[in-house]
Amino acid sequence: MGDKLEKVKQILSTYNQEHLLKFYKELDMYHKELLLNQILNINFEQIINLYQNSMKNEDIIPGELSPLKHFEKNRYSQKEVSYYTKVGENFIKNNGLAVVTLAGGQGTRLGYRGPKGTYVIKFDNNFGSKSFFEIICEDLKRANTTYNVTLPWYIMTSEENDLPTKTFFDIHNYWDYPKEKIKFFKQGKLPLITVDGKLFLQEPYLVKEASNGNGNVFASMKKHGIIEELIAHNISLVYFGGIDNILQKNVDPFFIGLAIDGNYQVASKSIFKELAMEKTAVYCRKFGKPSILDYDEITLELSNRKDENGLYLYREANILSHLMTTDAIQKVSNISLKYHRAYKKNAFVNDEGVKQIPDSPNSFKFENFIFDAFSYFDDMLLLRVNTDEEFAPVKSFNGVYNLDKAKEKYEKQWSFRNNS
């Protein structure tokens with residue numbers, strides 16, 4: 001252990017992070033080894049560069065932005081809807097589709113200790129109680145029955161919630177979904193860093209780290225052999241969806257048919273952003289390439305900008321509902337996507353070795369997102385959907401995307417579907 005300790009000290013000295021060994025002498029042998037191994041696996045150059053680069057202001061360059069064209073299902077004729085739906089159905093029946101669920105988060109904002117996907121919603125009427133995972137599983141099982149297939153279901157977890165997620169599936173016997181068709185894989189993580197450029201301890205023996213965003217899904221799929229598996233099974237299209245939108249259509253033949261018929265490598269769904277300054281990212285083009293405009297980049301003037309027909313140009317909000325070809329996934333899995341900085345409140349071990357919870361945000365978290373990959377393609381399909389039919393996310397008990405509103409939309413929508 002002596003050589004390992006010296007190597008760690010040298011690394012920490014290089015990056016001015018010696019404080020991470022402050023409590024090292026007080027640890028037992030097991031926890032000493034744990035801390036040293038963790039530090040040796042941290043890419044300090046990466047996190048320091050991310051920190052330093054994030055301090056630079058990146059103003060929007062005049063002429064950089066332009067609108068990204070979107071489509072709306074209700075503007076298609078019934079004949080067109082039938083045609084594109086048939087294209088999608090035939091594709092699904094030929095076993096060309098897989099589904100990826102992004103489920104690396106915790107249920108903290110819901111006051112729940114555990115993976116967010118395991119949070120159980122108690123519905124009214126005849127809908128019973130269901131976890132987020134069960135809701136998605138029901139959706140996939142309906143598709144399997146409808147199209148006489150068994151869709152491969154890949155679930156991206158995190159280091160923090162991987163084991164409890166797998167345990168939850170075991171306890172519920174995978175809701176009778178074929179186990180061999182479900183595969184879990186973990187996303188990557190990065191250390192958090194203070195505003196002063198210091199990594200910090202979560203425990204005296206543990207550097208605080210967090211998942212590095214859903215955009216890591218591509219690299220993680222490559223690392224865990226999933227891309228190779230898709231290719232081996234002739235799966236050419238993958239749907240990516242979040243864990244908490246309980247009205248999400250994981251298998252939408254019309255959406256799939258549009259993407260296939262238009263020969264798009266990337267496709268996304270959006271909703272109309274009703275409030276000009278709502279903190280929501282919107283689709284656009286940057287230097288001609290499909291991209292996302294973060295809410296902190298959006299001015300009131302930009303949000304209210306319209307075309308000659310009076311239609312808003314920058315109001316298509318991202319809802320984490322994407323289709324990508326396997327070729328596209330393979331391409332971006334070899335690209336280092338950009339990182340976004342978020343200012344967060346995180347507990348830390350203070351100088352006395354006591355865990356302390358700050359009163360306000362104290363650290364930066366760096367994440368990349370799926371939409372960061374879109375700029376590597378010349379075009380993409382963007383389909384605006386009806387929020388009452390496809391968008392009922394559960395983010396918290398309060399706020400715009402609260403539990404009660406999502407439950408109400410879910411119950412209303414499924415009552416309509418079951419009676420139609």
Side-chain angles (χ1 to χ4, degrees), residues 67-99 127 135-136 138-149 151 235-242 245-274 282-283 290 306-325 374 379-393 406 408-420:
L68 178 65
K69 182 180 179 180
H70 74 274
F71 300 87
E72 299 176 42
K73 186 175 182 178
N74 60 11
R75 294 182 180 271
Y76 288 90
S77 68
Q78 187 56 49
K79 183 178 180 181
E80 289 173 320
V81 170
S82 178
Y83 168 75
Y84 290 119
T85 299
K86 191 68 175 178
V87 171
E89 288 176 340
N90 288 337
F91 179 83
I92 298 165
K93 290 175 181 178
N94 286 323
N95 294 292
L97 180 70
V99 173
F127 295 101
I135 290 170
I136 294 174
E138 285 182 347
D139 189 43
L140 298 183
K141 286 165 69 176
R142 278 190 293 268
N144 288 343
T145 299
T146 301
Y147 304 113
N148 193 29
V149 296
L151 293 162
I235 293 170
S236 57
L237 198 59
V238 178
Y239 175 78
F240 294 89
N245 178 10
I246 59 178
L247 280 183
Q248 180 170 257
K249 289 185 178 180
N250 296 275
V251 186
D252 183 349
F254 175 74
F255 185 40
I256 293 169
L258 276 178
I260 292 172
D261 190 77
N263 199 29
Y264 291 99
Q265 288 188 283
V266 178
S268 291
K269 290 183 176 181
S270 66
I271 58 170
F272 177 70
K273 181 179 176 179
E274 297 282 354
V282 298
Y283 288 91
K306 299 179 181 179
D307 65 12
E308 63 276 8
N309 298 314
L311 300 176
Y312 287 102
L313 296 175
Y314 301 102
R315 288 287 189 95
E316 298 308 311
N318 171 50
I319 61 169
L320 188 50
S321 181
H322 313 295
L323 280 173
M324 293 182 71
T325 65
F374 298 166
D379 201 6
M380 65 178 288
L381 168 69
L382 186 60
L383 178 67
R384 182 195 290 182
V385 297
N386 187 316
T387 58
D388 290 332
E389 295 177 0
E390 297 194 40
F391 193 58
E408 181 183 350
K409 290 174 72 172
Y410 180 91
E411 292 163 3
K412 183 177 181 180
Q413 183 59 212
W414 277 106
S415 294
F416 171 77
R417 292 182 191 181
N418 292 335
N419 293 323
S420 61

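Worth saying up front: this structure is predicted, and the values here are computed from it rather than measured. Just so it is clear, the values below take in all heavy atoms, side chains as well, and ignore hydrogens, waters and symmetry mates.
When side chains are defined from C-beta on, Asp252 counts as touching Lys269, because their heavy atoms get closer than 4.5 Å. By the 4.5 Å heavy-atom criterion applied to side chains, Asn245 and Leu320 are not counted as neighbours. Annotation: side chain of Ser236 is not in contact with side chain of Thr325 (no heavy-atom distance under 4.5 Å).
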Output, in order, the C-alpha distance, side-chain angles, deciding distance and verdict of side-chain contact (heavy atoms from CB on, under 4.5 Å) for Ile260 and Tyr84. CA-CA 9 Å; Ile260 292 172; Tyr84 290 119; over 6 Å; no
List the steps, then state whether side-chain contact (heavy atoms from CB on, under 4.5 Å) holds for Val266 with Met324. CA-CA 5 Å; Val266 178; Met324 293 182 71; 4.2 Å; yes
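Within 6.0 Å of NZ in Lys86 there are 12 or fewer heavy atoms belonging to other residues, nucleotides or ligands. Summarising the local packing, CG of Asn148 is surrounded by 12 or fewer heavy atoms from other residues, nucleotides or ligands at distances under 6.0 Å. Annotation for Asn263: atom CG does not count as buried by contact number, only 12 or fewer foreign heavy atoms lying within 6.0 Å.
A pairwise comparison of heavy atoms in Ala406 and Pro393 identifies CB-O, 3.8 Å as the closest pair. Shown here for Pro253 and Tyr147, the closest heavy-atom pair between the two residues is CG-OH, 3.3 Å. Here the closest non-hydrogen pair linking Lys73 and Val81 is CE-CG1, 4.0 Å. Among all heavy-atom pairs drawn from Ala267 and Met380, the shortest one is C-CE, 4.4 Å. Scanning both residues, Phe91 and Gly96, for their nearest heavy atoms gives CZ-O, 3.2 Å. Nearest heavy-atom pair, Ile92 versus Val149, reported as atom, atom and distance to 0.1 Å: O-CG1, 3.4 Å.
Residues forming a side chain to side chain donor-acceptor pair (under 3.5 Å) with Glu408 (at least two apart in sequence, or on another chain): none. Taking the ring pair (Phe, Tyr, Trp, His ring centres under 6.0 Å) definition, one finds that Phe391 meets it with Tyr401, sequence neighbours left out. Residues forming a ring pair (Phe, Tyr, Trp, His ring centres under 6.0 Å) with Phe240 (at least two apart in sequence, or on another chain): Phe218. In terms of the ring pair (Phe, Tyr, Trp, His ring centres under 6.0 Å) criterion, Phe255 has no residue partners (sequence neighbours excluded). For Pro67, the side chain to side chain contact (heavy atoms under 4.5 Å, CB included) criterion is met by Leu313, Tyr314, not counting sequence neighbours. For Asn250, the side chain to side chain contact (heavy atoms under 4.5 Å, CB included) partners two or more places apart in sequence, or in a different chain, are Val99, Ile136, Asp139, Leu140, Tyr239, Gln248.
In this structure, Asn309 contributes its side chain and Leu311 its backbone to no donor-acceptor pair below 3.5 Å. The backbone N or O of Asp388 lies less than 3.5 Å from no partner atom in the side chain of Lys412, so there is not a single donor-acceptor pair. A donor-acceptor pair under 3.5 Å links the side-chain atoms of Ser415 to the main chain of Glu411, judged by distance alone.
Remark: Asn94 CG to Glu89 CD distance equals 12.0 Å, nearest 0.5 Å. Expressed to the nearest 0.5 Å, how far CZ of Phe127 lies from OH of Tyr410 amounts to 6.5 Å. A distance of 11.0 Å separates CD1 of Ile246 from CD of Gln413, quoted to the nearest 0.5 Å. Between Glu316 atom CD and Lys69 atom NZ the span is 13.0 Å, to the nearest 0.5 Å. Interatomic distance, CD1 of Ile271 versus CZ of Arg315, reported as 12.0 Å (0.5 Å rounding). With rounding to the nearest 0.5 angstrom, the NZ atom of Lys273 is 13.0 Å from the CZ atom of Arg384.
Ring geometry for Phe254 against Tyr76 counts as perpendicular: the plane angle is over 60°, on a 0 to 90° scale with 30° as the lower cut.
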